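Quick caveat, the model's predicted, so the values are computed rather than measured.
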Number of protein chains: 2
Amino acid sequence: MTEASADRGRTTRQRLLGAAAALIAEVGWGGVSTRMVAERAGVAPGVVHYHYASLTDLLIAASTGAARGMLEELTGRLTEQPGPEAGVEWLLGELSRYTGTDPSSLLIVEMYLAAARLPDLREQLQELVTASRARVAAWLRGGGHAGDAEAAAAVLVAAVDGLMLHRGLDPALDLTALAGPLRAMVRTSGHEKGRST
Amino acid sequence: MTEASADRGRTTRQRLLGAAAALIAEVGWGGVSTRMVAERAGVAPGVVHYHYASLTDLLIAASTGAARGMLEELTGRLTEQPGPEAGVEWLLGELSRYTGTDPSSLLIVEMYLAAARLPDLREQLQELVTASRARVAAWLRGGGHAGDAEAAAAVLVAAVDGLMLHRGLDPALDLTALAGPLRAMVRTSGHEKGRST
DNA sequence: AATTGACTTGTACGACTGCCCAAAAACCAT
DNA sequence: ATGGTTTTTGGGCAGTCGTACAAGTCAATT
């Protein structure tokens, strides 16, 4: 088998993925064109359809790859925090580094939106989100959260995405000021019952 | 002055706005074309640029108009609820009617995203959101919420948007099961301090 | 009846789109 | 060197895009 040839292809694919992820954030999912990606990756226009069956395929691969990395790192570091209340505090601090109009935030939201119209992408993204939610729920439970940990995790993860959205509109929104309500939510005071799915 | 002509123009504009709002949800902000809007509205292709300086102008007008209606109705009915805890319950029930892939939900998210790249739209949308947040905060305060009502309102509104996002991925997500954590957040147990902006 | 002016029509333009493909190039085994 | 694979190239195809515009319609005014 050829080896260096395969290597060449692999690095080209990586460059395409990186360029695609950056462009989705910059010009939007629907604004990315094959020629844009190729130029940014420093290759000829035709190369996109050699490595990927369609532009959409490339965008899906690029976005899910980037999102998987981001999500796993974020939830990984969150679940390292000593307890739910400290974790929420840490989370807000971490989130403050995203303005809502930065590449990472935009890429995530673009994905959610594109997923509504691309079943393949939806499945993959759903898998990522459910996994994160489960990790957060387990961490809440382990941290002594008495209520429905699944529900609290779902609201927490949703709130994070929602806050990203709102941050894009109003960069002055002070996230650390929101610790109070979030703390109240994860506190160990849950005499409310609730069934998880 | 001509009168019937002006009337004709007014209704045409309304048809264009309606068609544009529907199409943004269906094919995405960037997927809407002048010809699509014109066809859906039942007018000739050129009419768009007679009534609006650009396609973007039309999309901004259409989306903000639709969003204003939705937001005002939702927050209006929310703040009619007797108290925060009952309100949260009502809110989740109301939200369950949105699947996350329905026109209304998609339109809102498309707007958030487009706002990141269109300053004009961002300003208008920010105004709408801040107004809603203020109304919710005032209602929380009036309902006996002891903590930082501004913060709680911000998280609540963000959570709503975030849940919409997640609902699109996983329509099976049972929103009514999330009442526990949200109730804990709006309850009158706020000995945590917090400064509003 | 003539004029006005808002509104509508259909077409035209240049630019850009995703995708395709024959040919060139780079690499490997023999 | 020779042949075989894999990757790359650059141009071509058929189509859509936003926008501009001359020509047309129609009710109200003069």
Side-chain angles (χ1 to χ4, degrees), chain A residues 1-24 26-63 110 114 117-121, chain B residues 1-63 110 113-114 117-121:
Chain A
M1 295 288 166
T2 62
E3 290 162 345
S5 280
D7 263 355
R8 200 152 47 104
R10 209 185 324 279
T11 67
T12 299
R13 235 168 328 224
Q14 287 300 327
R15 297 168 64 84
L16 285 176
L17 290 173
L23 283 170
I24 290 173
E26 285 176 34
V27 301
W29 187 281
V32 182
S33 73
T34 57
R35 290 162 178 83
M36 269 186 212
V37 180
E39 189 191 13
R40 171 86 48 122
V43 297
V47 79
V48 170
H49 286 87
Y50 175 76
H51 288 288
Y52 295 91
S54 71
L55 175 63
T56 303
D57 274 14
L58 168 59
L59 296 186
I60 290 180
S63 58
E110 290 281 356
R117 289 181 265 266
L118 298 174
D120 283 8
L121 176 58
Chain B
M1 299 280 170
T2 63
E3 290 163 344
S5 281
D7 263 354
R8 200 151 47 104
R10 206 183 329 275
T11 68
T12 299
R13 238 174 328 243
Q14 287 301 326
R15 298 168 64 84
L16 284 176
L17 290 174
L23 283 170
I24 290 172
E26 285 176 33
V27 300
W29 188 281
V32 181
S33 73
T34 57
R35 291 162 179 81
M36 269 186 214
V37 180
E39 190 191 11
R40 172 87 46 122
V43 297
V47 80
V48 170
H49 284 86
Y50 175 77
H51 288 288
Y52 295 91
S54 71
L55 175 62
T56 303
D57 273 15
L58 167 59
L59 296 184
I60 291 180
S63 59
E110 289 283 355
L113 215 31
R117 291 181 262 268
L118 299 173
D120 282 8
L121 176 58

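For A:Ile24 against A:Ser63, the heavy-atom pair with the smallest separation is CD1-CB, 4.2 Å.
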Residue pair B:Leu59, B:Trp29: steps toward the side chain to side chain contact (heavy atoms under 4.5 Å, CB included) verdict: CA-CA 8 Å; B:Leu59 296 184; B:Trp29 188 281; 3.5 Å; yes
B:Glu26 vs B:Arg40, side chain to side chain contact (heavy atoms under 4.5 Å, CB included): CA-CA, chis, key distance, verdict: CA-CA 12 Å; B:Glu26 285 176 33; B:Arg40 172 87 46 122; 2.9 Å; yes
Stepwise salt bridge (charged side-chain N to carboxylate O under 4.0 Å, His left out) test for B:Glu110 and B:Arg117: CA-CA 11 Å; B:Glu110 289 283 355; B:Arg117 291 181 262 268; over 6 Å; no
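Counting any heavy atom pair closer than 4.0 Å across all strands shown, B:Thr34 reaches a base atom. No engagement by B:Val37 is indicated, since no non-hydrogen atom pair under 4.0 Å with the nucleic acid exists.
A straight line from CG of B:Leu59 to C1' of D:dT19 spans 14 Å, rounded to a whole angstrom. When rounded to the nearest whole Å, the span between CG of A:Leu23 and P of C:dG18 equals 11 Å. Distance B:Leu58 CG to D:dG18 C1': 13 Å, rounded to the nearest Å. In this structure, B:Arg35 atom CZ and D:dA20 atom C1' are separated by 12 Å, rounded to whole Å. Protein atom CH2 of B:Trp29 is 13 Å distant from nucleotide atom P of D:dG18, rounded to whole Å. When rounded to the nearest whole Å, the span between CD of B:Glu39 and P of C:dT9 equals 13 Å. We find that CZ of A:Arg8 is positioned 12 Å from P of D:dT6, with the value rounded to whole Å.
At a threshold of 4.5 Å between non-hydrogen side-chain atoms, the residues A:Pro45 and A:Thr34 do not count as touching. Counting heavy atoms from C-beta on, the side chains of A:Val37 and A:Tyr52 never come closer than 4.5 Å.
With sequence neighbours excluded, the residues that form a side-chain contact (heavy atoms from CB on, under 4.5 Å) with A:His51 are A:Thr12, A:Arg13, A:Leu16, A:Val47.
Of the side-chain N and O atoms in A:Thr12, one or more sit less than 4.0 angstrom from OP1 or OP2 of D:dT8. In this structure, A:Ser33 reaches the C:dT17 phosphate: one of its side-chain N or O atoms is under 4.0 Å from OP1 or OP2.
Within residues 45-55 of chain A, the residues having any heavy atom closer than 4.0 Å to DNA chain D are, in order of number, A:Gly46, A:Val47, A:Tyr50, A:His51.
The listed nucleotides are C:dA26, C:dT17, D:dT9; the one nearest the side chain of A:Met36 is C:dT17.
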